[in-house]
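We use all heavy atoms of the structure for the numbers below, so side chains are in, but hydrogens, waters and symmetry mates are not. Computed from a predicted structure; not experimentally measured.
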Amino acid sequence: MLRYFPWMGGIAGLWLSASASAFSMPDWPPTLELDHTLVQTSLLTRHFEPDPEHTNQQHLLSLELHNPDRWLAGAAWFKNSFDQPTWYFYAGREFPLWQFADEVNVRAKLTGGLLRGYKDEYRDKIPLNHLEIAPALLPSIGIQWRHFESDLIIFGTAGMMVTAGVRF
């Protein structure tokens with residue numbers, strides 16, 4: 001049975017209310033020019049339907065490389081919900097939503113890639129993980145202030161994570 005979370009409607013509303021121009025794609029293929037690097041860690045994780053087996057201490061460490069057209073590629077290491085070491089290799093794009101001030105920006109991000117680390121009795125806890133490597137698609141909404149960034153990442157119907165990072 002699906003559970004209703006009122007705050008998820010707010011996130012969906014923010015996502016859908018972004019202007020169409022925010023989601024326009026630049027010329028393809030993306031340039032291989034480095035604009036900045038983002039290093040992040042996890043601050044908070046919550047599961048939508050907590051289970052005694054779940055851990056909320058992910059110890060995430062990620063590295064993202066961004067180009068001037070807002071395309072990105074990255075890798076993340078973390079402990080999954082079942083305390084297993086896990087890797088996420090991904091690519092994606094940022095979408096600007098609002099600019100509050102010269103140095104404060106709100107943006108959405110969508111990444112997709114491969115997830116490796118759900119093994120043994122937890123192998124079937126994520127879809128399409130037959131070879132212990134599964135596809136993943138992660139939407140997020142975040143804020144950037146100067147060289148600092150924070151994101152709210154939704155991982156499927158399982159939960160959410162808040163991250164913080166520094167740009168170089």
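A salt bridge links Glu64 with Lys109; the closest basic N to acidic carboxylate O contact falls under 4.0 Å.
Note on Leu61: it does not cluster hydrophobically with Trp87, by side-chain heavy-atom contacts below 4.5 Å among ILVMFWY residues. Linking Ile, Leu, Val, Met, Phe, Trp and Tyr whenever their side-chain heavy atoms come within less than 4.5 Å leaves Ile141 and Tyr90 in two separate clusters.
Between atom NE2 of residue His59 and atom NZ of residue Lys79 there is a gap of 7.0 Å, rounded to the nearest 0.5 Å. Here CH2 of Trp98 is found 10.5 Å from CD1 of Ile143. Values are rounded to the nearest 0.5 Å. A distance of 7.5 Å separates CD of Glu53 from CD of Glu121, quoted to the nearest 0.5 Å. One distance of note links OG1 of Thr163 with CG of Leu152; it measures 8.5 Å at 0.5 Å rounding. For the atom pair Leu114 CG and Leu131 CG, the distance stands at 11.0 Å (nearest 0.5 Å). Here the CD-CE distance, from Gln40 to Met161, works out to 10.0 Å after rounding to the nearest 0.5 Å.
Using a 4.5 Å heavy-atom cutoff, the side chains of Leu110 and Leu137 are in contact. You'll find the side chain of Val104 stays beyond 4.5 Å of the side chain of Gln99, heavy atoms only. The shortest distance between side-chain heavy atoms of Leu128 and Pro135 falls below 4.5 Å. Between Val166 and Phe148 there is a side-chain heavy-atom pair separated by less than 4.5 Å. Using a 4.5 Å cut-off on side-chain heavy atoms (C-beta onward), Phe78 and Tyr88 make contact. In this structure the side chain of Trp77 never reaches within 4.5 angstrom of the side chain of Leu60, judged on heavy atoms. With a 4.5 Å cut-off on side-chain heavy atoms, Leu138 and Ile154 do not count as touching. Side-chain contact between Trp71 and Arg93 is present, with at least one heavy-atom pair separated by less than 4.5 Å.
Legend: salt bridge (Lys or Arg N to Asp or Glu O under 4.0 Å) pairs involving residues 28-39, not counting sequence neighbours: none detected. Residue pairs meeting the salt bridge (Lys or Arg N to Asp or Glu O under 4.0 Å) criterion with at least one partner in residues 128-148, sequence neighbours excluded, are Glu103-Arg146.
Atom CG of Asp102 is surrounded by 12 or fewer heavy atoms from other residues, nucleotides or ligands within 6.0 Å. Within a 6.0 Å radius of CG in Leu32, no more than 12 heavy atoms belonging to other residues, nucleotides or ligands are found.
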Can you check side chain to side chain contact (heavy atoms under 4.5 Å, CB included) on Met160 and Thr45, steps first, answer last?
CA-CA 6 Å; Met160 65 180 190; Thr45 302; over 6 Å; no
Test side chain to side chain contact (heavy atoms under 4.5 Å, CB included) applied to Phe168 and Val39, step by step
CA-CA 8 Å; Phe168 299 98; Val39 177; 3.9 Å; yes
Given the rule in the side chain to side chain contact (heavy atoms under 4.5 Å, CB included) test, do Asp124 and Asn129 qualify, once you have shown the distances and angles that lead to the verdict?
CA-CA 6 Å; Asp124 295 328; Asn129 192 32; 5.8 Å; no
I'd like to know whether Asp151 forms a salt bridge (Lys or Arg N to Asp or Glu O under 4.0 Å) with Arg107, so could you lay out the CA-CA distance, the side-chain angles of the two residues, the decisive distance to 0.1 Å, and finally the verdict.
CA-CA 9 Å; Asp151 285 292; Arg107 47 112 182 102; 2.4 Å; yes
Given side chain to side chain contact (heavy atoms under 4.5 Å, CB included), test Ile133 with Leu115 step by step and report yes or no.
CA-CA 6 Å; Ile133 296 176; Leu115 193 60; over 6 Å; no
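Gly117 approaches Gln84 most closely through the heavy-atom pair O-OE1, 3.2 Å. Minimum heavy-atom separation, Ala164 to Leu43: CB-CD1, 3.6 Å. Closest non-hydrogen pair, His36 versus Glu149, comes out as NE2-OE2, 4.2 Å. Contact between Pro30 and Asn67 at its shortest, heavy atoms only, is CB-ND2, 3.7 Å. For the residue pair Ala76 and Ser62, the shortest heavy atom distance occurs at CB-CB, 3.6 Å. Scanning all heavy atoms of the two residues, the minimum distance from Val162 to Ser150 falls at CG1-OG, 4.0 Å.
Using modelled atom types and a 3.5 Å distance limit, the side chains of His147 and Arg167 yield no donor-acceptor pair. When only modelled atom types and interatomic distance are considered, Thr86 and Asn80 share a side-chain donor-acceptor pair under 3.5 Å.
Using cut-offs of 30° and 60° for the angle between ring planes, the His47 and Phe155 rings count as perpendicular. Using cut-offs of 30° and 60° for the angle between ring planes, the Phe82 and Tyr122 rings count as parallel.
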